[in-house]
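For this chain, numbers begin at 1 and follow the sequence in order.
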Amino acid sequence: MTLRLKFNLVLFLVCLCSLGGTSYYIYRSLYQNALEEVRRESRLHMETALAVRLYTTHHVKPWFDKVAPNELIPPTVPAFAARQTMSVLHARYPGYEYREATLNPTNPINRAMGWERALVDQYRSGKLTGQVEHIIEDKGAHVLKVTRPIQINNESCLSCHGDPAKADPMMLKHYGDKAGFNWHLNEIVGAQIITVPANVPLEHARSAFVMALASLIAGFAALFIALNVMLSLAIINPMSRTNALLEHMAATDGLTGLLNRRKFMEKLNEAIETSGDDQFPLSVIMFDVDHFKQVNDNHGHKTGDEVLRIVAHAVGNLIKGGDSLGRLGGEEFAVILPHTPLSGAATLADALRKHIAGLYYPADLKITASFGVALMRAGESADSVLHRADDALYAAKRAGRNQVICAPDAGETDSQDVTSHPGMDHR
């Protein structure tokens, strides 16, 4: 796994965790803010209804009782006044509702039904107390239901809802004596219910969350790109250049720039594998500079190093792109020739021999080289073919140097002197 991949994987996981945590926090905050907004509206509507009831009880009804003591005027009934006032308000705000649901109402329109009756029973049993708020889904829309118990806290209420025998005759005439009576002080007889639509605030919260999430993703993406650019500029590119330099240094000879022995052997093994797969011939040339020790002894190592560089450069210019040239050590070199039979390798070796002998060297030195050539045998190892080429090289030295000797192929016993072949230069 590369450094960039590891870095990006860790960065992605960090960004993902950060995005998840931040998104959750933002969503919860926006959702809670939306609910709080709905709650504020519900409390305002509830307090409005209570204010109407109180105003009707303390100001409207006493005034009408003085001017029309024997008449039942509906606007003087607190529940009626509150319901009618809220209905006028909610006519302009669809989805908002106000209801007073009681178990034994004077007006049948206020009778608690279904879940309303269960709600009042929970208040009466003490399972619910005070104001209760909860979000429900009603007809595909989310609404906030706010409920508060209706408790008889004022004895004046019993004048209309206590003993029917003591009730206002006009009320009995209008509603009868079967409902809305026999209530008691401190008794919970019903519940006020406010319905406030929550879809709009929640939708605003969702929209704000989507925008915040998009901004976060864009920010993390920009950070991701910026950190990758910084990683490339500050770490990966310098490290890649350093690694490439180290790899080059580990694979090349410091003096000549050719492949060193380790890299040359890797190339030879690769060439042997390819040659075996493709069934093509593979040849190896080994050569070294004749009397190189005398060059160093008589002219110094600086001159000797220059000679080696000239030889390496000259041979490198003559071989093909698919061939590999390496310095095995000291004044010894080798060439890998894929897809090349022994005869072709010998011809090339002799051309190299002539070229080396014809070059200009420092101190007017006359430099020659001896060559050994070997053809890769079936199943043969790199060390074995190189050893046979080396034996041929030393055979060339024993024969007088400045020669090309081919190692015997399978079935042959003696090395072959290429310089004895027709068309070759006999030196």
Side-chain angles (χ1 to χ4, degrees), residues 27-61 73-124 127-154 157 180 188-210:
Y27 178 78
R28 291 295 302 172
S29 298
L30 291 172
Y31 184 78
Q32 291 300 328
N33 289 340
L35 288 183
E36 185 56 33
E37 179 183 344
V38 177
R39 290 190 183 102
R40 283 196 300 269
E41 288 191 28
S42 68
R43 287 192 289 267
L44 178 62
H45 281 70
M46 181 68 77
E47 294 300 327
T48 301
L50 290 173
V52 172
R53 288 176 63 94
L54 289 174
Y55 184 80
T56 303
T57 299
H58 295 293
H59 298 282
V60 177
K61 189 175 187 307
I73 303 174
T76 64
V77 179
F80 178 84
R83 187 178 68 246
Q84 293 302 109
T85 301
M86 298 305 288
S87 65
V88 172
L89 175 65
H90 294 159
R92 299 183 60 185
Y93 297 93
Y96 292 83
E97 294 179 6
Y98 173 77
R99 177 163 168 74
E100 294 188 7
T102 54
L103 298 179
N104 182 26
T106 302
N107 191 337
I109 196 173
N110 294 326
R111 186 174 301 280
M113 305 295 291
W115 70 271
E116 296 174 339
R117 173 175 283 277
L119 174 70
V120 176
D121 287 340
Q122 286 183 309
Y123 274 123
R124 289 170 66 87
K127 292 181 179 179
L128 292 179
T129 58
Q131 184 166 298
V132 178
E133 302 171 350
H134 54 279
I135 293 284
I136 65 170
E137 187 171 346
D138 183 22
K139 300 177 183 179
H142 289 89
V143 297
L144 176 67
K145 291 284 187 180
V146 181
T147 62
R148 181 181 290 181
I150 298 176
Q151 190 172 20
I152 306 303
N153 295 320
N154 193 330
C157 296
I188 295 176
V189 297
Q192 291 175 285
I193 303 171
I194 285 284
T195 301
V196 178
N199 269 11
V200 172
L202 291 178
E203 186 58 38
H204 288 168
R206 280 191 290 269
S207 299
F209 172 71
V210 170

*asked:* side-chain contact (heavy atoms from CB on, under 4.5 Å), that's the test. Do Gln192 and Leu50 meet it? Break it down for me.
replied: CA-CA 9 Å; Gln192 291 175 285; Leu50 290 173; 3.3 Å; yes

*Which heavy atom of Thr57 sits nearest a heavy atom of Pro78, and at what distance?*
OG1-CG, 3.1 Å

*Drop me the distance from Ile188's CD1 to Arg148's CZ, to the nearest 0.5 angstrom.*
12.5 Å

*With a 4.0 Å cut-off, would you call Glu203 and Arg206 a salt bridge?*
yes

*Nearest 0.5 Å, what's the CD-CZ distance between Glu133 and Arg43?*
6.0 Å

*How far apart are the closest heavy atoms of Arg124 and Leu103, and which atoms are they?*
CD-CD1, 3.4 Å

*Flag if over 12 foreign heavy atoms under 6.0 Å of OH, Tyr55*: no

*Taking the inter-plane angle between the rings of Tyr27 and Tyr31 on a 0 to 90° scale, is it parallel (under 30°), tilted (30 to 60°) or perpendicular (over 60°)?*
parallel

_Which heavy atom of Thr129 sits nearest to which heavy atom of Val132, and what is that distance?_
O-CG2, 4.0 Å

*What heavy-atom pair brings Gly130 and Pro149 nearest, and what distance separates the two atoms?*
O-CD, 3.4 Å

*asked:* For the backbone of Thr147 and the side chain of Tyr123, can you confirm whether one donor and one acceptor N or O come within less than 3.5 Å of each other?
replied: yes

*Between Thr56 and Ala81, which heavy-atom pair has the shortest distance, and what is it?*
OG1-CB, 3.3 Å

*Under-4.0 Å salt bridge between Lys145 and Glu116*: no

_I'd like to know whether Tyr98 forms a side-chain contact (heavy atoms from CB on, under 4.5 Å) with His45, so could you lay out the CA-CA distance, the side-chain angles of the two residues, the decisive distance to 0.1 Å, and finally the verdict._
CA-CA 8 Å; Tyr98 173 77; His45 281 70; over 6 Å; no

*Roughly how far, to the nearest 0.5 Å, is CG of Asp121 from CG of Leu128?*
10.5 Å

*Just wondering, do Val189 and Ile152 contact through their side chains at under 4.5 Å, heavy atoms?*
yes

*To the nearest 0.5 Å, how far apart are CD in Glu137 and CD1 in Ile135?*
11.0 Å

*Do Glu100 and Arg83 come within less than 4.5 Å of each other through their side chains, counting heavy atoms only?*
no

*For the atom pair CG (Asn33) and CZ (Arg39), what is the distance rounded to the nearest 0.5 Å?*
10.5 Å

*Over all heavy atoms of both residues, which pair between Pro201 and Val38 is shortest? Give the atoms and the distance, please.*
CG-CG2, 3.6 Å

*asked:* Once rounded to the nearest 0.5 Å, what's the spacing between atom OG1 of Thr85 and atom CZ of Arg53?
replied: 11.5 Å

*Begin from the C-alpha positions of Leu202 and Leu35 and carry the test side-chain contact (heavy atoms from CB on, under 4.5 Å) through to its verdict.*
CA-CA 8 Å; Leu202 291 178; Leu35 288 183; 4.3 Å; yes

*Show the numbers, then the answer: is there a side-chain contact (heavy atoms from CB on, under 4.5 Å) between Ile193 and Leu119?*
CA-CA 10 Å; Ile193 303 171; Leu119 174 70; 4.2 Å; yes

